[in-house]
Q: 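Got a structure for you, written out below as structure tokens; questions coming shortly.
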Amino acid sequence: TVGAVALDAAGNIAAATSTGGMTNKRYNRIGDTPIIGAGTYANNATCAVSCTGHGEYFMRAVVAYDVSCLMEYKGLSLQEACEAVVNRKLVKFGGEGGLVAIAPNGDVAMPFNSEGMYRAKKAGEQQAFVAIYKDE
Amino acid sequence: MKNIAIALHGGAGTIEKKSLSPEQDKAFRAALKQAVEEGHQVLARGGNALDAVELAVTLLEDSPLFNAGKGAVFTKEGKHEMDAAIMCGRTLEAGAVAGVRNIKNPIQLCRSIMEHSDHVMLSGYGAEEFALNHGLDFAPESYFFNKFRYEQWSEVRDTNIYQLDHTVHTDEKFG
């Protein structure tokens, strides 16, 4: 699975996700990626989110929209909301994976609860940050 | 420069340092860097967030390293079946596809569905018909073939096991 979130100069955010699913899947299995609110979500009032991982758990936990809801209704920061969903709620479900998220103020979060996640970010005039493993 | 930013991922899973060779590590980082830099350039030129995420994901779909587009994994039938979605934070408009085959860049189809249909999600043959009607690029099965993905699939194709793209762990749901 691949995905991206972005904030433009006008203050608008967007999210996109794309996947080939799981190796050896059958029965036309569909994961969280194309389900708005599960694997992909964007709302200028809160954040944009793109997820990756074991889709069945992300669907049950409504991960992307849950991050947005925690910001909208509970007033959490992007980082706090992502931490709560990926490293607490999702872990209880047994769901492995992570997400990238961005808020209209420019905050970026890239949490994951697996051994690694291919990830990158670039903000303003900063150098691009690229990482794979947990300790980077 | 104004407050612009982009972040992206290429999948998560059991990715440990020992699981990648130095060459593989370098290739993954180069592909991620290219996608994030080109997406950022769109924003730096005053482009919108939708264009930036669409381009970044298109580049990752075009890379055989990641499980999307060209690098998509094999289904039980030995085919490639892809899902994708895009959403605009300003308008809350969205476009999504599920179970499409032979679409070169599913994320571009999502953008087209978002902008040129009254629907949010299309699936299977209907989504492919929409793609044909809107001039999206198709690709033959051979375009999606990848030796590494084929070997991954060969190990489990005669079982009920299915696997996450970057994960060694297997789950025998129907065992």
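Reminder, nothing fancy here: chain letters follow the sequence lines and each chain counts from 1. This structure is a prediction, so every number in the text was calculated from the model and none was measured.
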Q: Is B:Asp51 in contact with chain A via its backbone, its side chain, both, or neither, using a 4.5 Å heavy-atom distance?
A: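 Neither the backbone nor the side chain of B:Asp51 comes within 4.5 Å of chain A.
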
Q: So for atom OH, which belongs to B:Tyr125, do other residues, nucleotides or ligands contribute more than 12 heavy atoms lying within a distance under 6.0 Å?
A: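 Counting neighbours around OH of B:Tyr125, 12 or fewer heavy atoms of other residues, nucleotides or ligands fall under 6.0 Å, so no.
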
Q: Quick check on A:Tyr41 against chain B: is it the side chain, the backbone, both or neither that has a heavy atom closer than 4.5 Å?
A: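 Both the backbone and the side chain of A:Tyr41 come within 4.5 Å of chain B.
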
Q: Any idea which heavy atoms bring A:Gly97 and B:Ala12 closest together, and the distance?
A: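 Of all heavy-atom pairs spanning A:Gly97 and B:Ala12, the closest is CA-CB, 4.1 Å.
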
Q: Looking only at heavy atoms and a cut-off of under 4.5 Å, which of B:Arg29, B:Met82, B:Arg111 has the most pairs with chain A?
A: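 Heavy-atom pair counts peak at B:Arg29.
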
Q: Do A:Asn43 and B:Leu92 have side chains that approach each other closer than 4.5 Å (heavy atoms only, starting at C-beta)?
A: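 They are in contact (side-chain heavy atoms under 4.5 Å apart), so the answer is yes.
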
Q: How close do B:Gly10 and A:Val2 get, heavy atom to heavy atom, and via which atoms?
A: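 Closest heavy-atom pair between B:Gly10 and A:Val2: CA-CG1, 4.1 Å.
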
Q: Which answer fits A:Asn113, side chain, backbone, both or neither, if we ask what part of it has an atom under 4.5 Å from a heavy atom of chain B?
A: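 For A:Asn113, no heavy atom lies under 4.5 Å from chain B.
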
Q: Would you mind checking which part of B:Val100 comes under 4.5 Å of any heavy atom in chain A, side chain (CB onward), backbone (N, CA, C, O), both or neither?
A: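 Neither part, no heavy atoms under 4.5 Å.
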
Q: With a 3.5 Å distance limit and no angle check, can you tell me whether A:Asn24 reaches the backbone of B:Asn160 through a side-chain donor-acceptor pair?
A: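 Such a contact is absent between A:Asn24 side chain and B:Asn160 backbone.
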
Q: Should A:Thr19 and B:Asn67 be marked as a side-chain contact (heavy atoms from CB on, under 4.5 Å) after you check the CA-CA gap, both sets of side-chain angles, and the distance that decides it?
A: CA-CA 6 Å; A:Thr19 188; B:Asn67 178 23; 3.9 Å; yes

Q: Among B:Glu37, B:Lys79, B:Lys33, which residue forms the greatest number of heavy-atom pairs with chain A at distances under 4.5 Å?
A: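 Answer, by heavy-atom pair count under 4.5 Å with chain A: B:Glu37.
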
Q: Just so I understand: if I count every heavy-atom pair under 4.5 Å between each of B:Ala49, B:Ser19, B:Ala68 and chain A, which residue has the most?
A: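 When all of B:Ala49, B:Ser19, B:Ala68 are compared, B:Ala49 has the most.
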
Q: Considering non-hydrogen atoms only, spot the tightest contact between B:Ala85 and A:Ile36 and give its length.
A: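 Looks like CB-CD1, 4.1 Å.
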
Q: For each of B:Val120, B:Leu50, B:Asp25, B:Val97, tally heavy-atom pairs with chain A at distances under 4.5 Å, and name the one with the top tally.
A: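 Ranked by heavy-atom pairs under 4.5 Å with chain A, first place is B:Asp25.
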
Q: Quick one, B:Leu164 with A:Met22, criterion side-chain contact (heavy atoms from CB on, under 4.5 Å). Give me CA distance, side-chain angles, the key distance, then yes/no.
A: CA-CA 5 Å; B:Leu164 283 172; A:Met22 300 175 92; 3.8 Å; yes

Q: Could you tell me which portion of A:Cys51 (side chain, backbone, both or neither) has an atom closer than 4.5 angstrom to a non-hydrogen atom of chain B?
A: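 Backbone only.
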
Q: Provide the closest heavy-atom pair for B:Ala5 versus A:Val108 in the form atom of the first, atom of the second, distance.
A: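 Heavy atoms only, the tightest pair is CB-CG2, 4.3 Å.
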
Q: I need the minimum non-hydrogen distance between B:Ala84 and A:Pro34, along with the two atoms involved.
A: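 In this case the closest contact between B:Ala84 and A:Pro34 is O-CB, 3.5 Å.
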
Q: Given heavy-atom pairs under 4.5 angstrom as the criterion, report whether the side chain, backbone, both or neither of A:Gln127 touches chain B.
A: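 When you check distances to chain B, no heavy atom of A:Gln127 falls under 4.5 Å.
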
Q: Taking all atoms of both residues into account, what is the closest heavy-atom pair of A:Asp8 and B:Ile4, and its distance?
A: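 Of all heavy-atom pairs spanning A:Asp8 and B:Ile4, the closest is C-CG2, 3.8 Å.
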
Q: Dump the intermediate steps for salt bridge (charged side-chain N to carboxylate O under 4.0 Å, His left out) on A:Arg26 and B:Glu77, then the final yes or no.
A: CA-CA 8 Å; A:Arg26 58 179 176 171; B:Glu77 293 76 29; over 6 Å; no

Q: Given the options B:Asp83, B:Ile86, B:Thr75, which has more heavy-atom pairs under 4.5 Å with chain A than any of the others?
A: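 If we count pairs closer than 4.5 Å to chain A, B:Asp83 comes out on top.
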
Q: Mark yes or no for whether B:His40, through its side chain, and A:Glu125, through its backbone, hold a donor-acceptor pair below 3.5 Å.
A: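 Looks like no, no N/O pair under 3.5 Å.
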
